[in-house]
Each structure stands twice: as structure tokens, then as C-alpha cells.
Amino acid sequence: MPNSSRCWSRAAIRKTKSNRQKASGTGTDFAAHLEAWYERERRDLPWRSTEDPYRILVSEVMLQQTRAQTVIPYYLRFLDRFPDARALAEAREADVLTLWSGLGYYARARNLQRAARAVVAAGAFPRDYDRIRELPGVGPYTAAAVASIAFGAPHAVVDGNVLRVISRVQDDAGDIQSPRTRARFQQIADGWLEGRRPGLFNQAMMELGATVCLPRGPRCTVCPVETFCQAHQTGRQHELPVKGGKRVADRIHVQVMIAVRNGSVLLRRRSAAETLMAGFWELPAPGDLPGCRSSRVIGSFRHSITHHHYTITVLEGAVPAVPLGFHWRRINRLAGVPLTTITRKALGLMASAPGAERAVATHGRKHG
DNA sequence: AATTCGGGGGA
DNA sequence: TCCCCAGAATT
């Protein structure tokens, strides 16, 4: 290597690399190899057999921070019930939330319905990135995904998979949490996408990250673009991507009470004003019920929400009167009610009684 | 720029 | 137990 190269700035080196790739067609070769692999090996997922922008949007929203295998049954049920934007726009919010219950990030469901209403009001699904981006719950990733997959618009998606693939292919140790690194990776992805079929290239990048370029244990031996990967050449693929910012989870102990009378259970509907899981139904805490009697502990289980780590103890009890804000709900009709996951788990504990001990054991440990 | 939102699955 | 997942909105 010439001595003069030591005087080059990082930017100059990067620019030279980029020029070399463009001149030799390396970026194009990379994309061609990747796409050929994708068309050969791609998983057969339900949202890959449609070009309906509404269905693409539903899938992309469900896939936000959620694994494909988890999404599949929710996606099928949701589209069976709401086959087009109009059906979703005209639905009751409680019905939408019920189908979403268990999938998490419930603001996604509300925003998706608002988006459907906007599409109906506009008379047609928006076709370009900027107007898709204006739909509620649609950020840079989802707008790029829908615009490229449904309409062939040239916008590269940059999700967790793509960040990981690019960090390794470029051997780039930038913190993928930082906006600067993300902007850099976005430009790289947009460059690779140039001249390709956008929807195909984007899905191929994500598929590579999801099935080959794994967070731990990347499967380089079966990777279709191994020869293009600079981290593989330097053996540093296991150290990438670099991700900063770690948080500590706090532990919280709570009690919930199951009060049953004449086939109904006492529940409270979280008000629309509550930030967290508004509109969902939940069990009372003993403190909510003046004069309640608790006869026994049914069991306990754990539940984690982001960095909050809950231990829930479930009590069986009776109430002298129905407190303000609570209602008796028929137990055999709870399938149509949006329940919080903690409530669903707690009721499941009761349902399996007297095998409650076994139900607790399936969650790993027993408390109380 | 930092936080928050859920739940599940794999190592 | 920890990390990650086809992110977005809010502060």
C-alpha cells in the first residue's frame, strides 16, 4: 500500500471505495446475486402472494418489531375479517383491538384503522412515498416498504435486518442506534437499489438478514453474497453490528383478583384517557375493591413489558358490591373482548384450576 | 436525542 | 436471562 494512502481522510477513502464499486459494477453484482438467491430460497409468507397495497400495509404494520412467524396467524385472521380498507374503516375499534390482542404495540391497531379511514376518504390508496408516509402509524420504513413492494417506487427499506447486513458487508462499526449511522446506511442501501426492482431488492435484503445474516451465528457458509462481505473477509462478522445504549429492567410485584358470580367475572375497561392500552379490559387489584374478601391464592406468573418486569399474584375473591367503573362480563363471551395479556394469562390460570400448580409451572417458576 | 410501547422466541 | 424482532410517535 502506498505511503500516501495514510494521509487520506475517512471520507476520501469511503468515496474512493464507492467509486471503485460503481466503476466495476460491484454494487450491481451484489444485488444480482442477492436477488437470484432470494427468488430461489425465499420463504412462502402469506403477504408475498398479493400486490394489494392495503394488504401489504397491514402486513408491514404487523411486522413492526414483530417476527414473521408470530404475525402469520394474526395476519390471516385480520384480513379474513377486514378484507379491504373500507371494512377496516367501518369496523368498531373494539373488534379491531380484539383481533390484535396478544400482538402488542396496540397503537399500531388504532393507527392502522385511522389509515384505512384516510384511504377511504381519499378515494384511493396513495401511490407515492411522501403521501404513504403521511398515513398514521407509517414511518420511513413502512412507507418505503409499501411504496416499493406495492408500487415499485425506488426507496430502500432500512430495518433491523438491513442495518445488520450493511454493517457487515461494509465492515462498518458505526453505532446503529445513532441517526448518523442510519443516514449513512440509508444512502448505501439506496445506492445498491439503483437500477434494480425495488420491491424485490428490499425483500431480498430483509430475507437475508432474517434467515442467513443472523444477529448471533451468521450462516456465512450458505450466504449468497459472502464474497462481497468485508466483515467476513476480516473475520469480524460476529462483532457487528455495534449497538449502544443498554437499560436495566425494574421489578414490579402486583396482585389481581378474580371475582366470579353467576358465570361472570368482574372487569374494568381502561378509559380512553389512559396512555397505556386504552380500551382494553383488565382484572381489578384488591385495592380497587373496598370490602372485598380474598379466599385463596390461585397462583402467580411473570410478565415482561419492555423494561418492566412484573410478577403477578392471582387471588380468588368475592365483592359485596360492584365498585364504580367495574362491570360483570360473561366468561363464555370473553373471546369477543379485548383483554390485556396479564388478564388473559390470569384467567387462563383460573381456567386450568385445580391444575393451577401445573399452569404456573409452565411459566417456569412458582411465586408466593 | 432519548423514551416508550408488548409480546414471543431463541441461545 | 438477555437479546432481537420487516419501527413509530412523543417528549
Side-chain angles (χ1 to χ4, degrees), chain A residues 38 42-43 45-48 56-75 97 100-112 114-115 132-150 155-165 175-183 186 189 199 201-211 213-218 238 241 243-251 274-278 280 301-310 338-345 363-365:
Chain A
Y38 175 70
R42 69 179 203 171
R43 294 170 293 174
L45 302 172
W47 45 88
R48 287 180 174 168
I56 305 282
L57 175 64
V58 171
S59 73
E60 292 301 342
V61 171
M62 286 187 170
L63 286 163
Q64 290 167 7
Q65 297 300 105
T66 311
R67 294 172 186 278
Q69 290 304 320
T70 304
V71 166
I72 290 174
Y74 287 88
Y75 175 82
L97 294 178
W100 207 276
S101 176
L103 200 51
Y105 285 112
Y106 299 103
R108 295 186 296 177
R110 300 174 200 287
N111 286 333
L112 184 58
R114 290 173 55 209
I132 295 171
R133 172 72 179 79
E134 291 171 1
L135 294 172
V138 174
Y141 163 77
T142 304
V146 174
S148 65
I149 297 171
H155 293 270
V157 298
V158 178
D159 71 335
N161 290 309
V162 175
L163 289 172
R164 187 168 57 253
V165 169
D175 180 1
I176 60 170
Q177 300 282 34
S178 88
R180 287 186 311 284
T181 302
R182 290 184 177 231
Q186 176 77 56
F201 174 80
N202 279 337
Q203 294 186 80
M205 284 285 281
M206 294 189 284
E207 187 78 348
L208 186 73
T211 64
C213 200
L214 303 174
R216 280 174 289 192
H238 294 279
K243 185 174 183 178
K246 296 165 179 65
R247 296 181 186 85
V248 189
D250 49 333
R251 271 99 175 133
E274 298 190 61
T275 319
L276 181 57
M277 291 186 286
F280 281 76
F301 59 92
R302 296 162 178 265
H303 182 70
S304 293
I305 299 176
T306 310
H307 61 279
H308 304 299
H309 205 49
Y310 291 92
L339 301 174
T340 68
T341 295
I342 285 178
T343 295
R344 201 147 26 77
K345 286 183 178 178
H363 284 282
R365 283 169 197 76

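From a predicted model like this one, the values you see are computed outputs, not experimental measurements. Every heavy atom of this structure was used, including side-chain atoms; hydrogens, water molecules and symmetry mates were not. Every chain is numbered from 1, with letters handed out A, B, ... down the list of sequences.
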Quick one: does [X] reach the base of [N] with a side-chain donor-acceptor pair under 3.5 Å?
{"X": "A/Y141", "N": "C/dG7", "answer": "no"}
{"X": "A/R216", "N": "C/dC4", "answer": "no"}
{"X": "A/T66", "N": "B/dG6", "answer": "yes"}

**Report entry** Under 4.0 angstrom between A/H303 side-chain N/O and B/dG7 OP1 or OP2
**Finding:**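 Looking at the OP1 and OP2 atoms of B/dG7, one of them is under 4.0 Å from a side-chain N or O of A/H303.
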Between [X] and [Y], is there a donor-acceptor pair closer than 3.5 Å when you use the side chain of the first and the backbone of the second?
{"X": "A/R114", "Y": "A/G137", "result": "no"}
{"X": "A/N161", "Y": "A/Q203", "result": "no"}
{"X": "A/R164", "Y": "A/C213", "result": "yes"}

For [X] and [N], give me the distance from atom [atom1] to atom [atom2], rounded to whole Å.
{"X": "A/Q65", "N": "C/dA6", "atom1": "CD", "atom2": "P", "value": "9 Å"}
{"X": "A/L112", "N": "B/dC5", "atom1": "CG", "atom2": "C1'", "value": "16 Å"}
{"X": "A/K345", "N": "B/dG6", "atom1": "NZ", "atom2": "C1'", "value": "10 Å"}
{"X": "A/E134", "N": "C/dA8", "atom1": "CD", "atom2": "P", "value": "15 Å"}
{"X": "A/I72", "N": "C/dA6", "atom1": "CD1", "atom2": "P", "value": "12 Å"}
{"X": "A/K243", "N": "B/dA2", "atom1": "NZ", "atom2": "C1'", "value": "14 Å"}
{"X": "A/I342", "N": "B/dC5", "atom1": "CD1", "atom2": "P", "value": "12 Å"}
{"X": "A/Q69", "N": "B/dG7", "atom1": "CD", "atom2": "C1'", "value": "16 Å"}

Query raised in the report: Are any non-hydrogen side-chain atoms of A/P241 and A/I176 less than 4.5 angstrom apart?
Result: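 Heavy-atom side-chain distance check passes, below 4.5 Å.
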Would you measure the distance from the [atom1] atom in [N] across to the matching atom in [M] and give it in whole Å?
{"N": "C/dA8", "M": "B/dG8", "atom1": "P", "result": "22 Å"}
{"N": "B/dG6", "M": "C/dC3", "atom1": "C1'", "result": "15 Å"}
{"N": "B/dC5", "M": "C/dC4", "atom1": "C1'", "result": "16 Å"}

Query raised in the report: Could you walk me through whether A/Y38 and A/M205 pass the side chain to side chain contact (heavy atoms under 4.5 Å, CB included) check?
Result: CA-CA 9 Å; A/Y38 175 70; A/M205 284 285 281; over 6 Å; no
Listed nucleotide nearest any side-chain atom of [X], set [options]:
{"X": "A/L45", "options": "C/dA8, B/dG7, C/dA6", "result": "C/dA6"}
{"X": "A/E207", "options": "B/dG6, C/dA8, C/dA6", "result": "C/dA6"}
{"X": "A/T341", "options": "B/dG9, B/dG6, C/dT1", "result": "B/dG6"}
{"X": "A/P179", "options": "B/dA1, C/dG7, C/dT1", "result": "B/dA1"}
{"X": "A/Q203", "options": "B/dC5, C/dT1, C/dA6", "result": "C/dA6"}
{"X": "A/Y106", "options": "C/dG7, C/dA6, B/dG7", "result": "B/dG7"}

By the 4.0 Å heavy-atom rule, please label [X] as base, sugar-phosphate, or nothing.
{"X": "A/R344", "result": "nothing"}
{"X": "A/S178", "result": "nothing"}
{"X": "A/L276", "result": "sugar-phosphate"}
{"X": "A/R42", "result": "nothing"}
{"X": "A/W47", "result": "base"}
{"X": "A/V138", "result": "sugar-phosphate"}
{"X": "A/M62", "result": "nothing"}

Query raised in the report: Between A/R180 and A/G104, which has a closest nucleotide on DNA chain B that is more 5'?
Result: A/R180
Report task. Compute whether any side-chain donor of one residue and acceptor of the other, for A/T142 and A/R108, lie under 3.5 angstrom apart. Result ->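 No pair is found: no donor N or O on one side chain lies under 3.5 Å from an acceptor on the other.
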Query raised in the report: What is the pairing partner of C/dC4, taking Watson-Crick or G-U wobble pairs with both distances under 3.5 Å in any strand?
Result: B/dG8
Requested in this report: Specify the residue among A/G209 and A/N111 whose closest nucleotide of DNA chain C lies further upstream toward the 5′ end.
Outcome: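 Result of the comparison: A/G209.
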Query raised in the report: So which one's nearest nucleotide on DNA chain C is more toward 5', A/P241 or A/R182?
Result: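 It is A/P241, whose closest nucleotide lies nearer the 5' terminus.
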Report task. Take the angle between the ring planes of A/W47 and A/Y75 and call it parallel below 30°, perpendicular above 60°, tilted in between. Result -> perpendicular
